[in-house]
Protein chains: 2
Amino acid sequence: MSSSVPRPADPATAESPPRQAQVISIRDLKSHCSSCTMRELCLPVGLAPDDLKLLDTVVGSRVRLKKGESLYRAGESFAALYAVRLGTLKTTVLAEDGREQVAGYHLLGDIVGLDGLGTERHGCEVVALEDSEVCTIPFENLEELARRIPPLQHNLHQFLAREISRDHSVMLLLGSMRAEERLATFLLNLSDRYRRRGYSSTEFVLRMTREEIGSYLGLKLETVSRLFSRFQDEGLLKVSGRNVKLTDLPALKQIVGQRG
Amino acid sequence: MSSSVPRPADPATAESPPRQAQVISIRDLKSHCSSCTMRELCLPVGLAPDDLKLLDTVVGSRVRLKKGESLYRAGESFAALYAVRLGTLKTTVLAEDGREQVAGYHLLGDIVGLDGLGTERHGCEVVALEDSEVCTIPFENLEELARRIPPLQHNLHQFLAREISRDHSVMLLLGSMRAEERLATFLLNLSDRYRRRGYSSTEFVLRMTREEIGSYLGLKLETVSRLFSRFQDEGLLKVSGRNVKLTDLPALKQIVGQRG
DNA sequence: GAGATACCTTGATGGAAGTCAAATCTTACC
DNA sequence: GGTAAGATTTGACTTCCATCAAGGTATCTC
């Protein structure tokens, strides 16, 4: 157990490579929901054009993260939500006793940063799994705007509630599924999310390690690795390192729905 | 095992026992947050007296539930949140394949009904574990009021976010704890919640079966039963059916924090 | 209050996933 | 581009919890 924590420390030789979240404050780079290709997957869903423009005024600077960098850490004070514009991130929950677990993976269009709203202080850490970029949405501004735009208010509430439903699904997975069902569910979930973003639903690159997958699924990395091998032997998929090709979606679905 | 259980059981012989939620619409029985003893644990926390009065106008009828009755079922359309005024309830998540799992237990002051907000349709079932009573809070009214009372809006958001944090803790429990740690965590959590409500933190009656506890903790009922016996043998608690007396809180806490 | 039903306890046994270990492959970094 | 660190695979063995089973206790119903 060396450092499982991605230390912000790195040599920093010639030019200063950012080891901390780099804020882009140049006006030209300011995010605009009204022109964002992700708006149909993000908070603005279904908003009227005029309301969208108002939302533009609320969304703050973009933040770039290099692979391994954290957007925020446990203990930091909560101030904003973040919409993923590019890349992949993970949320890690940290218990007092040092135990930690991946609580979720975030693709573009997803919103992160909710943990912390409850206590004004983040209880999780969010880390980029590849070079990523997020839009900052200062929460006070969002609340203020939500008071003026009922549909936005409702979107926000629905978003929070869907997060809860999603967590319930994970609890069901962790509490009642066998290892193979868990991994199949995980892969099908990723598949579906890529599909809805216009990417291939059958061929993609895993941005997380076997250990991170295991952490999310309540399994050990060896178990995850063995399952990938077994699924491949059974013709369900082809795997080569982080590259995955799902070759039999129906069979994967059948694994999930096996026992009631 | 003498039954010293103070059953809430009341005969209810003569009048027809309702098996569906009974709505009390008599005006005199209307709930009033401003005079409710639970307001410091519930949504109104910290609201100004005038705002509390406004909240009174939003809270609708009370609903009485007999043990075993459901407040709502999966598939029903979502319209309101419910504040527990009396009794204990459980939320059960239902998967498409018939699998189900207890997602939470609710004591007085707790708010239930969030599932369904995301999709406008409930994805869970809420059932009374003993005779209970809840206040109905029509969600549209609450949203409307939240737009006018920023502190209430913020309370609502915090409440939703805390629900998410709570779920993260359960995910951590299900994903990384051993059986004994799970049960100890469960008992300590109950203990703490009773304490904050002014009840004994060391002696209480479990309102759920071993199977329901197991469902919540991702364990089988036999395992839960064996653990109770073992904890008793080890002097951590005394158990007789549903009556529990925690006799060594520090030791229970130590079980939880064992490995990092 | 008797019988039926649901709930709880305890034992014996098996299996799924964890642990430990070592070899191979990949990636990151000077 | 070479080397070190990290990630992945696979095997052998162990452990914890599930499963099956049976008897006991509490609770509900008529």
Side-chain angles (χ1 to χ4, degrees), chain A residues 1-7 9-14 17 19 66-69 129-131 173-183 205-215 217-233 238-244 255 258-259, chain B residues 1-13 17 19 66-68 129-131 174-183 205-215 217-233 238-244 255 258-259:
Chain A
M1 237 152 276
S2 51
S3 62
S4 56
V5 188
R7 287 176 301 137
D10 76 329
T13 46
R19 75 286 298 272
K66 286 233 157 257
K67 180 176 175 176
E69 285 179 349
L129 296 178
E130 60 182 322
D131 293 5
L173 177 144
L174 292 172
S176 73
M177 290 187 181
R178 290 159 4 102
E180 55 174 26
E181 295 181 87
R182 297 186 199 188
L183 186 61
V205 178
L206 299 169
R207 302 274 121 154
M208 62 296 282
T209 66
R210 301 286 189 262
E211 184 169 19
E212 285 166 333
I213 295 173
S215 172
L217 299 177
L219 302 171
K220 291 294 160 188
L221 67 96
E222 295 94 332
T223 304
V224 174
S225 179
R226 272 185 247 273
L227 283 169
F228 270 121
S229 301
R230 217 183 77 204
F231 282 178
Q232 179 162 252
D233 290 347
K238 285 191 175 151
V239 61
S240 168
R242 308 248 178 129
N243 297 288
V244 176
I255 285 182
Q258 250 157 18
R259 70 193 201 168
Chain B
M1 271 143 247
S2 57
S3 69
S4 57
V5 192
R7 286 178 301 141
D10 71 328
T13 42
R19 72 280 299 275
K66 286 233 156 256
K67 179 175 177 178
L129 295 178
E130 60 181 321
D131 293 3
L174 293 171
S176 74
M177 289 188 182
R178 293 161 1 107
E180 55 173 25
E181 294 181 87
R182 298 186 197 186
L183 186 61
V205 178
L206 299 169
R207 309 256 85 131
M208 61 294 283
T209 66
R210 301 287 190 261
E211 185 168 21
E212 286 166 333
I213 296 174
S215 172
L217 299 177
L219 303 171
K220 290 296 161 189
L221 68 97
E222 294 95 330
T223 304
V224 174
S225 180
R226 271 185 247 276
L227 283 169
F228 270 122
S229 301
R230 216 182 80 204
F231 282 179
Q232 179 163 251
D233 290 348
K238 286 195 174 146
V239 61
S240 167
R242 307 244 178 130
N243 296 286
V244 176
I255 285 183
Q258 248 155 19
R259 68 194 202 169

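In the text below, chain A, chain B and the rest are named by the order of the sequence lines, each starting its count at 1.
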*Heavy-atom distance under 4.5 Å between the side chains of B:L221 and B:T209, does that happen here?*
no
*If every non-hydrogen atom of A:L183 is compared with every non-hydrogen atom of A:V224, which pair is closest and at what distance?*
CD2-O, 4.3 Å
Nucleotide N/O of nucleotides 12-17 of chain C paired with protein N/O under 3.5 Å:
unit_1	atom_1	unit_2	atom_2	d
C:dA12	N6	B:R226	NH2	3.4
C:dA17	OP1	A:A179	N	2.5

*asked:* I need the CD-P distance between A:E212 and D:dA7, as an integer number of Å.
replied: 8 Å
*Rounded to the nearest angstrom, tell me the gap between atom CD1 in B:I213 and atom P in C:dC7.*
13 Å
*Let me know the distance between CG of A:L129 and P of D:dA7, rounded to the nearest Å.*
12 Å
_Can you give me the bend angle of the helix from C:dG1-D:dC30 to C:dC30-D:dG1? Use the axis through the first five pairs and the one through the last five, nearest 10 degrees._
60°
*A:Q232: what forms a side-chain hydrogen bond (donor to acceptor under 3.5 Å, both in side chains) with it, not counting sequence neighbours?*
none
*Considering residues at least two apart in sequence or located in another chain, which fulfil the salt bridge (Lys or Arg N to Asp or Glu O under 4.0 Å) criterion with B:R226?*
none
*asked:* Of the listed nucleotides (D:dC20, D:dT8, C:dC20), which one gets closest to any side-chain atom of A:E222?
replied: C:dC20
*Output yes when a side-chain donor or acceptor of A:R182 lies under 3.5 Å from a complementary backbone atom of A:L174, and no otherwise.*
yes
*Of the non-hydrogen atoms in A:L219 and A:A179, which two are nearest, and what is the gap between them?*
CD2-CB, 3.8 Å
_Counterpart residues, side-chain hydrogen bond (donor to acceptor under 3.5 Å, both in side chains), relative to A:N243 (two or more places apart)_ = none
*CG of A:L183 versus P of D:dT8: gap in Å, rounded?*
13 Å
*Indicate yes or no for a side-chain donor-acceptor contact from A:R207 to the backbone of A:L129 under 3.5 Å, with no hydrogens or angles considered.*
no
*Out of A:I255, A:V244, A:V239, which one pairs with A:F231 under the side chain to side chain contact (heavy atoms under 4.5 Å, CB included) rule?*
A:I255
*asked:* For A:E69 versus A:K66, what's the shortest heavy-atom pair and its separation?
replied: OE1-N, 2.7 Å
Atom pairs under 3.5 Å: protein N/O with N/O of nucleotides 24-28 of chain C:
unit_1	atom_1	unit_2	atom_2	d
C:dA28	OP1	A:K67	NZ	3.2

*Have a look at B:S229 and say if it touches a base, only the backbone sugar-phosphate, or nothing, with a 4.0 Å heavy-atom cut-off.*
sugar-phosphate
*asked:* Rounded to whole Å, please give me the gap between CD in A:E211 and P in C:dT19.
replied: 12 Å
